[in-house]
Every structure is written in C-alpha cells, then in structure tokens.
Number of protein chains: 2
Amino acid sequence: MRLSEGVEWASHCVVVLAGLPEGMTLPAGRLAELHGVPGPYLAKALQALARAGIVRSSSGRYGGYQLARPASDITMLDVVEAVEGGDELFRCTEIRKQMPIRRPSDTFPPVCAIAAVMHRAEAAWRAELAATTVADVVGNLLTQLPPDAGDRLMTWLSPTSG
Amino acid sequence: MRLSEGVEWASHCVVVLAGLPEGMTLPAGRLAELHGVPGPYLAKALQALARAGIVRSSSGRYGGYQLARPASDITMLDVVEAVEGGDELFRCTEIRKQMPIRRPSDTFPPVCAIAAVMHRAEAAWRAELAATTVADVVGNLLTQLPPDAGDRLMTWLSPTSG
DNA sequence: GTCACTGTACTCGGATAAAAGTTGTCCGAGTATGCCTGG
DNA sequence: CCAGGCATACTCGGACAACTTTTATCCGAGTACAGTGAC
C-alpha cells in the first residue's frame with residue numbers, strides 16, 4: 001500500500017503556487033515541466049485540487065492555476081484528501097458478523113475492536129497532517145533553500161524563458 | 001488508497017489464535033471458514049505472518065497455525081507490516097531534484113520538506129499501532145462480547161462440529 | 001481617438017487506453033498420524 | 001503384547017490467472033486577449 005504519486009506532485013505544485021505573487025496564475029503544463037512529470041496526468045491531480053476548492057483555475061489565454069485561499073488556511077491533509085479521496089485507509093468489512101458462532105440475539109459493539117485500533121491510528125495520521133499548513137512548509141523551505149531560489153524560479157517562469 | 005483486505009483478515013486471525021489454549025493449532029482452512037473469507041487467499045496472509053515470525057506453522061495432520069510468541073509481545077504494527085510490507089505510505093521520488101532551476105552547486109537539505117511532513121504523520125500512525133498489542137485487543141473484546149463467546153468458539157472448533 | 005466585434009491561440013475538463021498491484025485459485029512438497037505386520 | 005515399517009490423509013508453501021485500482025494520454029468545449037474595422 002502506498003499513496004498515489006499524485007499526492008506528491010500536488011503537494012509540490014501547491015507549494016510552488018504558494019510562492020507566486022498575488023494574482024499570478026500558472027498553467028498545468030508549466031507546472032509539469034517545472035517538476036519533470038507527465039503533464040496530462042498532473043492535470044488530473046490539479047483538477048482534484050480545484051474540485052476541493054484548494055486552487056482556482058482560470059481558462060483562456062494566460063490562464064492557469066492559483067491558490068484559492070491563503071496558504072496558511074490550507075493544510076497538508078486538505079491536499080492529501082483532495083487527491084487521494086477522503087476514504088479511510090482501513091475499511092472494516094465487519095467480518096466478525098459473519099462468524100458461524102454468532103447468534104441472532106447477540107448485540108455487537110458498535111465498532112469492531114480491530115477497526116477501533118486502526119481508526120485511532122488513522123486519526124493520529126490525519127491529525128499530524130492537519131497540523132501542518134502549506135504556509136508552514138513554505139516557511140520551512142525558505143530556511144533551507146539558497147537565498148536566490150525564489151528569483152531563479154521567477155526568472156524561469158517568465159514567458160521568455162523555459 | 002486503502003490497506004489490503006489481508007490486513008483485516010490477518011488481524012482477526014491473530015486475535016482468534018490468541019484466544020486458543022496453549023499449544024493448540026488451527027489450520028488455515030478452518031480460520032477461513034470461521035471468518036467467511038476465501039480460504040486459499042487467507043493462506044497468503046497467514047504465510048506472511050509466518051515469515052514475519054508472528055505465527056508458527058506446523059505441517060502434517062492436525063497441523064496448523066499458532067502464535068509464535070505471547071500476544072502481549074505482538075503489536076498491531078507487527079501484523080500490519082507483516083501483511084502489507086514495511087514500505088512507507090508516502091514514497092518521495094525527489095522530484096525537487098529534477099527542477100530545471102537547480103544548479104549543480106546547490107546543496108539540498110537531506111529530506112524534502114514535503115516528505116518530512118508525510119513521514120512525521122506516518123510515524124504518528126505507526127506509533128499508535130505499535131502502542132496497541134494483540135493482548136490489548138483481546139482484553140478489550142472480552143469486556144464487550146457475551147460471556148459464553150469463548151465456549152461457543154471452542155465448541156465450534158471441536159473436530160465434531162463445523 | 002474610441003469602442004465594438006471578430007478571430008485566434010491558449011487554457012481547463014472530462015472521457016478514453018495501458019500498466020501495475022491486488023485479489024483469488026490451484027497444485028505439488030512435506031509431515032505427523034494411525035494402521036498393519038512381524039516378532 | 002509390543003515395536004517397527006508403511007500407507008494415508010492432512011497440512012503448508014509457492015507458482016499461476018482474473019480483476020480492480022492506479023497511471024498515462026488524448027481530444028473537445030470554453031475563455032480571455034489581440035488585432036481589425038467602423039464610428
């Protein structure tokens with residue numbers, strides 16, 4: 001089991017979009033080129049982000065994607081759930097209820113004891129993702145990258161380059 | 001993304017095995033029948049548990065599976081990793097290193113900032129699973145199930161029944 | 001000089017194929033048991 | 001009556017298909033800009 005690649009790509013895209021000047025958009029093709037990933041498929045992840053209200057898309061010439069709300073209001077959990085779907089990692093199929101030793105009069109606890117453990121662990125995972133915003137990641141990156149990384153990015157994004 | 005069904009089945013099997021008298025074995029076919037799941041495929045999960053040293057298998061007539069160590073020494077993380085593999089949920093493909101704005105002189109931080117967040121969340125998930133042993137789950141079940149559930153199980157498991 | 005219109009080039013969005021991983025199944029190798037035979 | 005050997009039936013273990021999910025791709029609908037022409 002592993003998360004889809006789209007989660008990684010979408011996360012990087014959101015981080016890049018968070019670093020853009022206010023109002024600037026970036027088309028999917030450019031984002032794909034920047035990250036070296038297949039463009040048409042990255043679009044799929046970006047569409048998922050748009051459906052979730054994380055990014056806003058503008059059509060037409062000079063259109064593209066931009067964040068729909070401040071980076072400090074977007075958690076990593078939002079990004080993961082947008083791409084991956086909000087389904088739980090562990091889905092209990094209630095096989096305990098199919099045991100032949102069951103009697104009709106038996107009243108089962110509301111949740112399977114095993115599912116309870118799994119859900120508790122999953123909640124811890126979600127809580128950690130929800131505690132980190134995209135702004136946190138950007139802030140963390142700024143302390144690690146070379147000082148001119150932002151300038152280089154903007155230069156590369158200028159239409160004459162690339 | 002979701003965990004494979006084998007994780008759920010294996011967990012239930014381990015719990016059942018933990019409730020057996022010392023030294024008693026249970027064949028895979030019986031475990032499958034008990035849970036109402038496809039037998040040959042459940043064997044696959046049980047084999048994984050055996051490879052991980054969680055259960056011990058005995059061949060031959062009246063053979064089967066039993067726990068390899070006390071239930072209090074088996075965590076739910078052990079079970080999940082045995083079936084699902086120890087791979088991490090989020091695998092960083094280091095796409096940051098493929099950006100065209102990169103320069104050879106750039107020294108990258110050891111871990112991608114995004115991967116760091118994902119790994120932190122994953123660690124929280126694992127920690128929660130590692131904090132719960134199979135014995136805990138069994139103890140929890142004993143407070144919820146009807147008092148005669150154990151007797152019913154042993155009756156059903158007796159060779160004359162089924 | 002200003003405004004409205006039209007053409008164009010670019011964007012997103014969803015519908016459509018290929019690849020991988022998971023799910024499900026089968027048959028062969030190995031082993032402890034129970035029976036049979038011989039002492 | 002007891003011990004040894006043998007056939008048996010049962011077990012696990014790994015190798016082999018079918019299906020679902022993920023990955024990858026394409027083409028059409030829609031939109032904002034730029035140029036053109038009329039006023």
Side-chain angles (χ1 to χ4, degrees), chain A residues 1-10 13 17 23-33 35-66 68 80 82-85 87 89-91 93 95 157 159 162, chain B residues 1-10 13 17 23-33 35-66 68 80 82-85 87 89-91 93 95 157 159 162:
Chain A
M1 174 207 55
R2 68 175 198 277
L3 279 77
S4 67
E5 298 256 283
V7 170
E8 184 181 7
W9 301 348
C13 287
L17 290 177
M24 179 174 174
T25 64
L26 207 55
R30 218 77 211 286
L31 280 167
E33 197 180 351
H35 292 108
V37 299
Y41 182 50
L42 177 63
K44 207 179 182 64
L46 289 171
Q47 286 168 26
L49 290 176
R51 272 192 297 270
I54 295 174
V55 301
R56 179 172 299 281
S57 64
S58 0
S59 296
R61 200 172 187 178
Y62 299 106
Y65 290 97
Q66 58 184 315
V80 171
V83 178
E84 198 67 38
D87 298 343
L89 281 66
F90 178 87
R91 178 164 42 169
T93 60
I95 67 177
L157 289 180
Chain B
M1 175 207 55
R2 70 175 197 278
L3 278 78
S4 67
E5 298 255 284
V7 171
E8 183 181 9
W9 301 350
C13 287
L17 290 177
M24 179 174 175
T25 63
L26 207 53
R30 219 77 212 287
L31 280 167
E33 197 180 351
H35 292 108
V37 300
Y41 182 50
L42 177 63
K44 208 178 182 68
L46 290 171
Q47 287 169 26
L49 290 176
R51 272 193 295 270
I54 295 174
V55 301
R56 178 173 298 281
S57 64
S58 358
S59 296
R61 202 171 186 179
Y62 298 106
Y65 290 97
Q66 59 183 314
V80 170
V83 178
E84 198 66 40
D87 298 343
L89 281 67
F90 179 87
R91 180 164 40 171
T93 59
I95 66 177
L157 290 179

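Keep in mind it's a predicted model, so treat the numbers as computed, not measured. Below, chains carry the letters A, B, ... as their sequence lines are ordered, and counting in each starts from 1.
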Integer-rounded Å distance: C/dT23 C1' and B/Leu3 CG: 15 Å
Between D/dT22, C/dT23, C/dG14, which one does the side chain of A/Ser4 approach most closely? D/dT22
Distance, rounded to the nearest Å, where B/Tyr65 contributes OH and D/dC10 contributes P: 18 Å
Please answer whether the main-chain N or O of B/Gly64 pairs with a side-chain N or O of B/Ser57 as donor and acceptor at a distance below 3.5 Å. no
Rounding to a whole Å, what distance do you find between B/Leu46:CG and D/dG14:P? 13 Å
Looking at A/Ser57, I'd like to know whether one of its side-chain N or O atoms comes within less than 4.0 Å of OP1 or OP2 on C/dG13. yes
Rounded to whole Å, please give me the gap between CG in A/Asp87 and P in D/dT20. 17 Å
What's A/Ala28 touching, base or sugar-phosphate or nothing? Going by heavy atoms closer than 4.0 Å. sugar-phosphate
Where each residue is assigned the nucleotide of DNA chain C containing its nearest heavy atom, which of B/Glu84 and B/Pro38 is assigned the position nearer the 5′ end? B/Glu84
Of the options C/dG13, D/dA34, C/dT33, whose atoms approach the side-chain atoms of B/Tyr62 most closely? C/dT33
The nucleotide from D/dC16, D/dA34, C/dC12 with an atom nearest the side chain of B/Lys44 is D/dC16
Ignoring the backbone of B/Arg51, work out which of C/dG13, D/dG14, C/dT33 is nearest its side chain. D/dG14
Whole angstrom value for the distance that separates C1' of D/dT20 from CD of B/Glu5: 12 Å
Say you draw a straight line from OG of A/Ser4 to NZ of A/Lys44; how long is it, rounded to the nearest 0.5 Å? 11.0 Å
With a 3.5 Å cut-off and no angle check, do the side chains of A/Glu5 and B/Thr93 form a donor-acceptor pair? no
Flag the pair B/Gln47 / B/Tyr65 as yes when at least one side-chain heavy-atom distance between them is below 4.5 Å, and no otherwise. yes
Any side-chain N or O of A/Arg2 less than 4.0 Å from the OP1 or OP2 oxygen of D/dT22? no
Taking 4.0 Å as the cut-off, does a side-chain nitrogen or oxygen of B/Ser58 come that near to OP1 or OP2 on C/dT31? no
Spacing between A/Arg91 atom CZ and D/dT21 atom C1', to the nearest angstrom: 12 Å
Of A/Leu46, A/Leu26, A/Val37, the one forming a side chain to side chain contact (heavy atoms under 4.5 Å, CB included) with A/Cys13 is A/Leu46
Tell me what B/Gly39 touches on the nucleic acid: a base, only sugar-phosphate, or nothing, going by heavy atoms under 4.0 Å. nothing
Touch class at under 4.0 angstrom, heavy-atom based, for B/Pro40 against every strand present: base
To the nearest Å, give me how far apart CZ (A/Arg61) and P (C/dG7) are. 16 Å
Nucleotide nearest A/Gln47 (side chain, heavy atoms from C-beta), chosen from D/dC33, C/dG14, C/dT23: C/dG14
Any donor-acceptor pair under 3.5 Å from B/Thr25 side chain to B/Tyr62 backbone: yes
Figure out the OH/P separation between B/Tyr41 and C/dT23, and round it to whole Å. 4 Å
Of B/Ser59 and A/Leu26, the one whose closest DNA chain C nucleotide lies more 5': A/Leu26
